[in-house]
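Here is the structure we will look at, set down as structure tokens.
Owing to the predicted nature of the structure, the values given are computational and were not obtained by experimental measurement. We count ligands from 1, going down the list as the structure has it; atoms in each ligand are counted the same way.
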Amino acid sequence: MSVKENFENAKAQYEKWGGVSVEDVFQKLKQVPISIHCWQGDDIGGFEETDQELSGGIEVTGNYPGKATTPEELRSDLEKALSLIPGKHKINLHAIYAETDGKFVDRNELEPQHFEKWVNWAKEHGLGLDFNPTLFSHPKAKDGFTLAHPDKEVRDFWIQHCIQSRKIGAYFGEELGQPALTNIWIPDGYKDIPSDRLTPRKRLKESLDEIFAADVDETLNVDAVESKLFGIGSEAYVVGSHEFYMGYALKNNKLCLLDTGHYHPTEMVSNKISAMLLFNDRIALHVSRPVRWDSDHVIILDDELREIGLEIVRNDALDKVMIGLDFFDASINRVAAWTIGTRNMIKSLLYALLMPNDHLKKLQEEGNFTDRLALLEEFKTYPFGAIWDYYCEQMGVPVQEKWLDEVKEYERNVLSKRNS
Ligand SMILES: C[C@H](O)[C@H](O)[C@@H](O)C(=O)CO
Ligand SMILES: [Mn+2]
């Protein structure tokens, strides 16, 4: 049977529930930009003139050959991945991906001009850009503290870097016609039990207040703050905990960013979305996959990823949850990693959009938990794949695993010729 014939059969099965028009679902799905993180392409190396070791308590493992070592290579790899992913998306940059024409420019002196090539590339490919100040892999972050550092001079350096970053985000927004999300994550924390949890948090609050006091047009740049439970070297205490940023974001009208790898293993971000959206206009996500710890594995279409999609759709929050990805696997082809992870995120949303969510909510309201469970389980074996395949065909990207042939060909012709 053809992709179209399979689709027609599958469409009938979903539409028999009423309330779901697959064509409408496709229209909605096309409108959802996923923020694809550039740093999967070069193991969070960046292009600064001074080579810095990756720090901040995050780890990239693996040494699969062919990683990008120049902006041109990274953009080429991103283009290949984007050609295999349905829809129009955003690319999420870090400050360390600045292009400074061979001159050393420290983080606190970065300007929009240092991202002009990224903006021109984004315009050429119809992409949006998001941004992140980089508060790690730098001599002034060597002891693991930045915005909460006891030394004001260190704090001031990072405060200025974050202010510059917000201005760069606004530049992206102005040039590309869609606001950039500029997300602040800091590694500050202690390996062992602190004697004072409050003082560093007071300093972080003051630093953030100073950063956000800088006047940056909110229609061009949206601010987010990302929490974390622990890192390597900050196992006992992280200054920017979920409670800290949940409170700070709500009180200061910023977006709280939840990274799915930043909570206790049984704590599910899917379970937090509806509660957060009751009190916050919008939230942001870094969708990742923790295995044993915040390991940043490539996301798979597992129960939690599907539940995240369901919660976003059930809460009518496709425009309230800014979906970003955050995984970095250096043990596999990095273009394949982007493709697998981003296609899975989009599958999760499609899976949710196809569900008769109103009917399922009604069953719950009626206390009919038997039907609720039975149907939630039966939908796991509905012909979702036939709908997904047709969506890919309609969007002009390879169907099923055919995208892998293109990645292998790109590896033979491009990646394998790099000395990295
Ligand atoms: C590179 C990113 O800023 C980083 O992964 C951050 O988002 C994070 O999740 C740290 O654990
Ligand atoms: Mn993250």
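The distance from ligand 1 to the heavy atoms of Phe328 drops below 4.0 Å at these ligand atoms: 5 (O). Which parts of ligand 1 touch Lys228 is read off a 4.0 Å heavy-atom cut-off, strictly below it: atoms 10 (C), 11 (O). Using a 4.0 Å cut-off to heavy atoms of Asp259, the atoms of ligand 1 that qualify are 9 (O). Within ligand 1, the atoms closer than 4.0 Å to a non-hydrogen atom of Asp294 are 11 (O), numbered from 1 in the order shown. Ligand-side atoms of ligand 1 in range of Ile58: 10 (C), 11 (O), range being under 4.0 angstrom from any heavy atom.
In this structure, Phe115 and Phe172 have perpendicular ring planes: the angle between them is above 60°, well past the 30° mark. The aromatic rings of His37 and Phe327 sit perpendicular to each other, their planes meeting at more than 60°, with 30° as the lower class boundary.
Residue-level check: among N/O/S atoms of Glu226, OE2 sits closest to the Mn ion (ligand 2). Within His286, the N, O or S atom lying nearest to the Mn ion (ligand 2) carries the name ND1. For Asp326, the N/O/S atom at the shortest distance from the Mn ion (ligand 2) is named OD2. Of all N/O/S atoms in Asp259, OD2 sits nearest the Mn ion (ligand 2).
In this structure, the protein non-hydrogen atom closest to atom 4 (C) of ligand 1 is Asp326 OD2, 3.6 Å.
Between Lys205 and Asp209, at least one side-chain nitrogen of the basic residue sits less than 4.0 Å from a carboxylate oxygen of the acidic one, meeting the salt-bridge criterion.
Considering each of His286, His262, Gln40, His94, the one bringing a non-hydrogen atom nearest atom 2 (C) of ligand 1 is His94. When the options Trp185, Phe136, Phe327, Phe230 are ranked by their closest heavy atom to atom 10 (C) of ligand 1, first place goes to Trp185.
Looking at Arg166, its side chain does come within 3.5 Å of a backbone N or O of Ala214 through a donor-acceptor pair. Proximity of a side-chain donor or acceptor of Arg418 to a complementary backbone N or O of Gly66 within less than 3.5 Å is detected.
No N or O atom of Asn183 sits closer than 3.5 Å to an N or O atom of ligand 1. Remark: ligand 1 and Glu226 share an N or O pair separated by less than 3.5 Å (distance only, no angle test).
Under 2.8 Å from the Mn ion (ligand 2) lies no N/O/S atom of His262, from backbone or side chain alike.
Trp185 has its side chain out of reach of Leu135: every pair of non-hydrogen atoms, C-beta onward, lies at least 4.5 Å apart. Between His125 and Leu78, every side-chain heavy-atom pair lies at or beyond the 4.5 Å cut-off.
Residue Asp130 is tested with Gln178, Lys90, His94 for a side-chain hydrogen bond (donor to acceptor under 3.5 Å, both in side chains); the sole match is Lys90. Applying salt bridge (Lys or Arg N to Asp or Glu O under 4.0 Å) to Lys228 and the options Asp326, Asp294, Asp296 leaves one that passes, Asp294.
With no hydrogens or angles considered, a side-chain donor-acceptor pair links Tyr390 and Gln394 at under 3.5 Å.
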